[in-house]
Amino acid sequence: MKIIVYPTDTVWGIGCDIYNEDLVKKIHFIKKSDETKPMSILFPSIDDLLDRLNGSFPFSKEWLERFFSLQSTLLIPKSFFKKEIPSWVLADSSFVSVRFLKNKAIDLIFSKLSSPIVSTSLNITGEKPIVEQGDALTFFKQYIAPQGDFFSNEESSLSGASSTIVKYENDHFVILREGHLVDDIKKLLKL
């Protein structure tokens, strides 16, 4: 698989197979980001995420579906994972940043790839994330093509706001970054 560019529910994303260290490093290079910065992982299904977690993980499939439907990212301690996450994805973090979303572009990616992907915003670090498809295609052509794949989804409507990032630790939630649907997330988390 190559580096991939795709629409999420919030902004355009860039990613690759989590098990391909060279491509993860290349994404850091393209974005001009520090390789010690952990990356989020986008899972093909909530079942795939749950299969990688141990029995002490406290949330149900239904709860996760609701949480991820709210344009959100969940940081959970890596101690919940029974399957190891590559060090080049986690960097030095003791947390794993996980996402799940559905759209036609994401479905197409996972029909070709059975493993999770790293997922981060499509932009140069410090610049605004890309929201418009034309801008995403220009970025792709300038920095990635022909060594990548561009997945578009004409039906997707991106909120333009970054996802809400929620950290779960010691039976508590902390909102690290507020996104578009943060009020709904606070209600779900009972904050």
H180: partners by side-chain hydrogen bond (donor to acceptor under 3.5 Å, both in side chains), with sequence neighbours left out: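 H180: no side-chain hydrogen bond (donor to acceptor under 3.5 Å, both in side chains) contacts found.
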My understanding is that only residues two or more places apart in sequence, or in another chain, count here; which of them pass side-chain hydrogen bond (donor to acceptor under 3.5 Å, both in side chains) with K26?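 Q147.
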What pairs with [X] under ring-ring contact (aromatic ring centres under 6.0 Å, His included), at least two apart in sequence or on another chain?
X: F150; value: W12, F140
X: Y143; value: F139
X: F67; value: W63

N/O donor-acceptor pairs under 3.5 Å from side chains in residues 85-92, not counting sequence neighbours:
from	atom 1	to	atom 2	distance (Å)
W88	NE1	I18	O	2.8

By the side chain to side chain donor-acceptor pair (under 3.5 Å) test, which pairs, at least two apart or in different chains, include something from residues 39-57?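 Of all non-adjacent pairs touching residues 39-57, those that pass side chain to side chain donor-acceptor pair (under 3.5 Å) are Y19-R52, S40-S97, D47-K61, D48-R52, N54-S56.
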In residues 170-178, what donor-acceptor pairs under 3.5 Å come from side-chain atoms, sequence neighbours left out?
from	atom 1	to	atom 2	distance (Å)
D171	OD1	Y168	OH	2.8
H172	ND1	N170	O	2.7
R177	NE	S163	O	2.9
R177	NH2	S163	O	3.0
R177	NH2	S163	OG	3.2

Please tabulate, one pair per line, all N/O donor-acceptor pairs under 3.5 Å involving side-chain atoms of residues 119-128, not counting sequence neighbours.
from	atom 1	to	atom 2	distance (Å)
S119	OG	Y6	OH	2.9
S121	OG	K31	NZ	3.4
S121	OG	N123	OD1	2.6
N123	OD1	K31	NZ	2.8
N123	ND2	E127	O	2.7
T125	OG1	K31	O	3.0

Salt bridge (charged side-chain N to carboxylate O under 4.0 Å, His left out) with [X]: which residues, sequence neighbours excluded?
X: K102; answer: D107
X: K25; answer: E21
X: E169; answer: K167

Distance-only, no hydrogens or angles: does the N20 side chain make a donor-acceptor pair with backbone N or O of L23 under 3.5 Å?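 Yes; judged by distance alone, with no hydrogens or angles, the pair exists.
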